[in-house]
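First comes the structure, then the notes that go with it.
All values below were derived from every heavy atom in this structure, side-chain atoms included, with hydrogens, water molecules and symmetry-related copies excluded.
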Amino acid sequence: MGLLLPACRNGKKGFGKITMEIISALKESGLVGLGGAGFPTWQKWQAVKNSPEVKRFVICNLSEGEPGVFKDEYILQNHLPELIAGISLAKETVGAQRAYVFLNDKYRKYLPKIIKAVKDKKIEVFIDTGRYLCGEETTLLQTMEGKLRQPRQKPPYPTETGLYGYPTLINNAETLYRAYLISQGETEMKRFYSISGDVIDHKRVVKEKVGAKIKEVILPRYLDKINFVRISGPSGFFARHEDFEQIVSGTGAVEIYGKNRRIIEGLIDSMVFLKNESCGKCTPCREGSYRITELLNKLITTASLWDRKEILELISVIAKTAGDSSFCPLGLSIARPVNSATENFKQELIGE
Ligand SMILES: Cc1cc2nc3c(=O)[nH]c(=O)nc-3n(C[C@H](O)[C@H](O)[C@H](O)COP(=O)(O)O)c2cc1C
Ligand code: SF4
């Protein structure tokens, strides 16, 4: 099943049937966004393609600002032609006039290679500072439009009202790369997992099936050395041995920490990151991440077991409030690391 027919390869328009076939192939493949949210890819492509607006855009999200996630950089290093083919495919399929690569400044060293690869393809590169929140699709749009780097209300979604108000397809780099492989007949649904942490020799990217379990992406020789793992970066969750049957969700990042590392370190690291990346627009996230960080540090220095239990309860209440009432997914994610740590590592946290 090779769907990338000549009309698509040379970039000419007027191949409605083929674009429908590509969207059907994406639907059949079950491809979901690999930037964290996991939204069905074909639905976004179809929404932009069917828009009544003539002007449309495609954006490849190469912001990758979350610690522990480096799979998109791996694609830049090893699969750039396929990634650019994926962007071109998306552009032609949805009928966009122009596509952009939203590139994290830390990947500036790849710029000459990217510029060479996108020559004559109506694909431009937009380099950003690389703040984590700027990878969130509406903040990304604000950034590209030169506006305040804060999220927008959704709906309307970018597929409807995106860049400069026009329908915009925003996909993660790996999603576009995989979409291209699907158009070429790839049927095996695999994805890249970023594996790092202080237990392993050096960080690496592994290719495994979509929905792989934690234990399936960690080499067996490391299993006995682990105290905890962090899944999907600071906005993700903490897991112990007993949880290794769980699926590696979100951005597919697995950070592995050894027996000499304490869960409180991991939790403080997650919370400091979220606190620093919070844009400050809404109180539950701005104040919540700040207070939780403060309380976690207090937990370390508090002698009384009774007080430590109270501190932990207060942390859970604040995290729940942030998780229930923040404006955007960054604030909503505050509860995830806190809940997983307090539920799975309660004894270690209160030092009973
Ligand atoms: C705080 C935050 C940061 C994000 N950073 C990225 C990022 O660096 N790269 C990315 O592809 N998606 C990121 N996302 C998800 C995007 O908002 C969006 O869902 C994604 O780019 C859509 O592409 P996909 O459907 O292919 O996953 C982030 C979301 C949030 C809430
Ligand atoms: S949840 Fe956090 S990052 Fe999102 S808008 Fe509110 S303050 Fe900003």
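Going from atom CG of Leu349 over to atom CD1 of Ile300 covers 10.0 Å, rounded to the nearest 0.5 Å. Rounded to the nearest 0.5 angstrom, Ile292 CD1 and Ile311 CD1 are separated by 13.0 Å. The structure places OH of Tyr257 at 10.0 Å from CD1 of Ile200, a figure rounded to the nearest 0.5 Å. In this structure, CG on Leu31 lies 6.0 Å from CG on Leu26, to the nearest 0.5 angstrom. To the nearest 0.5 Å, the span separating CZ on Arg286 from CG on Leu274 amounts to 15.5 Å. In this structure, OG on Ser326 lies 5.0 Å from CD1 on Ile334, to the nearest 0.5 angstrom.
Applying the ring-ring contact (aromatic ring centres under 6.0 Å, His included) criterion to Phe238, with sequence neighbours excluded, gives Phe228.
Aromatic ring centres of Phe126 and Tyr100: separated by at least 6.0 Å.
Distance alone, capped at 3.5 Å, is enough to place a donor-acceptor pair between the Arg178 side chain and the Lys190 backbone. A donor-acceptor pair under 3.5 Å is absent between the side-chain atoms of Ser63 and the main chain of Asn104, judged by distance alone.
In terms of heavy-atom proximity, Ile247 sits nearest to Gly211 at CG1-O, 3.5 Å. The shortest non-hydrogen separation linking Ser196 to Gly68 is OG-CA, 4.3 Å.
Salt-bridge check for Arg291 with Glu294: passed, with a basic side-chain N closer than 4.0 Å to an acidic carboxylate O. Note on Lys259 versus Asp224: no salt bridge recorded, every NZ/NE/NH1/NH2 to OD/OE distance being 4.0 Å or above. The pair Glu287-Lys275 does not meet the salt-bridge criterion, since no charged nitrogen lies less than 4.0 angstrom from a carboxylate oxygen. Glu53 and Lys55 are not joined by a salt bridge, as no carboxylate oxygen comes within less than 4.0 angstrom of a charged side-chain nitrogen.
Side chain to side chain, Glu160 and Ser51 fail the donor-acceptor criterion of an N or O pair below 3.5 Å. A donor-acceptor pair shorter than 3.5 Å can be found between the side chains of Thr251 and Ser232. When only modelled atom types and interatomic distance are considered, Arg152 and Gln142 share a side-chain donor-acceptor pair under 3.5 Å. No side-chain donor from either of Thr168 and Arg56 sits under 3.5 Å from a side-chain acceptor of the other. Tyr193 and Glu208 are not linked by any side-chain donor-acceptor pair at a separation below 3.5 angstrom, with hydrogens and angles left out of the test. Inspection of the Asn172 and Lys71 side chains reveals an N or O donor paired with an N or O acceptor under 3.5 Å. Under 3.5 Å, the side chains of Thr139 and Glu137 contain no donor-acceptor pair of N or O atoms. A side-chain donor-acceptor contact under 3.5 Å links Thr129 and Arg149. Judged by distance alone, the side chains of Ser278 and Tyr290 never bring a donor and an acceptor atom under 3.5 Å apart. If you check the side chains of Glu73 and Tyr110, you find a donor sitting under 3.5 Å from an acceptor.
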Practice problem: Start with the C-alpha gap between Thr321 and Asp324, add the side-chain angles, then the distance that decides, and say whether side chain to side chain contact (heavy atoms under 4.5 Å, CB included) holds. | Solution: CA-CA 5 Å; Thr321 308; Asp324 287 345; 5.9 Å; no
Practice problem: Applying side chain to side chain contact (heavy atoms under 4.5 Å, CB included), run through Ile256 and Asp198 and close with a yes or a no. | Solution: CA-CA 6 Å; Ile256 310 172; Asp198 58 9; 6.0 Å; no
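Applying the 6.0 Å contact sphere to CZ of Phe327 captures more than 12 heavy atoms from other residues, nucleotides or ligands. Annotation for Glu188: atom CD does not count as buried by contact number, only 12 or fewer foreign heavy atoms lying within 6.0 Å. In this structure, Lys298 places its NZ atom where only 12 or fewer heavy-atom neighbours from other residues, nucleotides or ligands lie under 6.0 Å away. Within a 6.0 Å sphere centred on NZ of Lys27, other residues, nucleotides and ligands contribute 12 heavy atoms or fewer.
Taking the ring centre of Tyr74 as origin, the terminal cationic atom of Arg204 falls outside the region bounded by 6.0 Å and 45° from the ring axis. Under a cutoff of 6.0 Å and an axis angle of 45°, Lys213 and Phe244 do not form a cation-pi pair.
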